[in-house]
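Structure, as structure tokens:
Please read all numbers here as calculations on a predicted model, not as lab measurements. Along the sequence shown, residues carry numbers from 1.
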Amino acid sequence: MGLNAGLVPPRVDASVKAGLLELVAHAARKGGWSARRSAALLGLDHVRVLRWQARAVVGRLDDAKPARRSRCTRCCRGNARRS
């Protein structure tokens, strides 16, 4: 994924996150840029970058698997339509 590929999708691999975080850190070290400014240039919400930075500290950049909807939720949703 190049920087000219457009906006960063909602879910990306940990390696992509690590690369983007490295770009943000490099911009801070070499250019004195804030995380907010770097995130804006990369097309990222700065809060997303902050979350990734916090997760990187504890080694959890991988996305968690999406939660499964329970059978009961689907069942109840169907019953609500019949009423």
Side-chain angles (χ1 to χ4, degrees):
M1 177 165 130
L3 291 179
N4 59 356
L7 296 176
V8 179
R11 294 179 90 67
V12 293
D13 291 336
S15 61
V16 174
K17 292 175 191 173
L20 291 167
L21 289 176
E22 181 52 38
L23 286 172
V24 170
H26 178 80
R29 279 191 315 270
K30 299 293 183 179
W33 284 30
S34 68
R36 184 184 297 264
R37 183 176 178 193
S38 298
L41 184 70
L42 293 169
L44 292 168
D45 181 43
H46 80 281
V47 174
R48 191 175 182 193
V49 171
L50 296 176
R51 269 190 256 123
W52 289 353
Q53 287 172 333
R55 289 173 55 194
V57 169
V58 294
R60 297 193 47 117
L61 275 178
D62 286 316
D63 284 337
K65 293 186 181 189
R68 290 181 56 196
R69 293 193 332 199
S70 70
R71 179 172 279 176
C72 181
T73 303
R74 284 182 259 143
C75 178
C76 293
R77 196 175 287 165
N79 288 337
R81 286 189 218 134
R82 291 186 203 135
S83 302

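- In terms of hydrophobic clustering, with Ile, Leu, Val, Met, Phe, Trp and Tyr side chains grouped at heavy-atom distances under 4.5 Å, Val16 and Val49 are assigned to a common cluster.
- A 4.5 Å side-chain heavy-atom check between Val8 and Leu42 finds every atom pair outside the cut-off.
- Hydrophobic cluster membership for Leu41: Trp33 (Ile, Leu, Val, Met, Phe, Trp, Tyr linked by side-chain heavy atoms under 4.5 Å, directly or transitively).
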Pairs of donor and acceptor atoms involving the side chains of residues 53-63, under 3.5 Å and at least two apart or interchain, shall be tabulated with distances.
| residue | atom | partner | partner atom | Å |
| --- | --- | --- | --- | --- |
| Arg55 | NE | Arg60 | O | 2.9 |
| Arg55 | NH2 | Arg60 | O | 3.1 |
| Arg55 | NH2 | Leu61 | O | 3.2 |
| Arg55 | NH2 | Asp62 | O | 2.6 |
| Asp63 | OD1 | Lys17 | NZ | 2.5 |

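- The side-chain heavy atoms of Trp52 and Val47, taken from C-beta on, include no pair separated by under 4.5 Å.
- Smallest separation of non-hydrogen atoms from Ser38 and Val24: CB-CG2, 3.9 Å.
- The hydrophobic cluster analysis finds Leu50 isolated: no Ile, Leu, Val, Met, Phe, Trp or Tyr side chain comes under 4.5 Å of it, directly or through other members.
- A salt bridge (Lys or Arg N to Asp or Glu O under 4.0 Å) check over residues 27-52, counting only residues at least two apart or in different chains, returns the pairs Glu22-Arg29.
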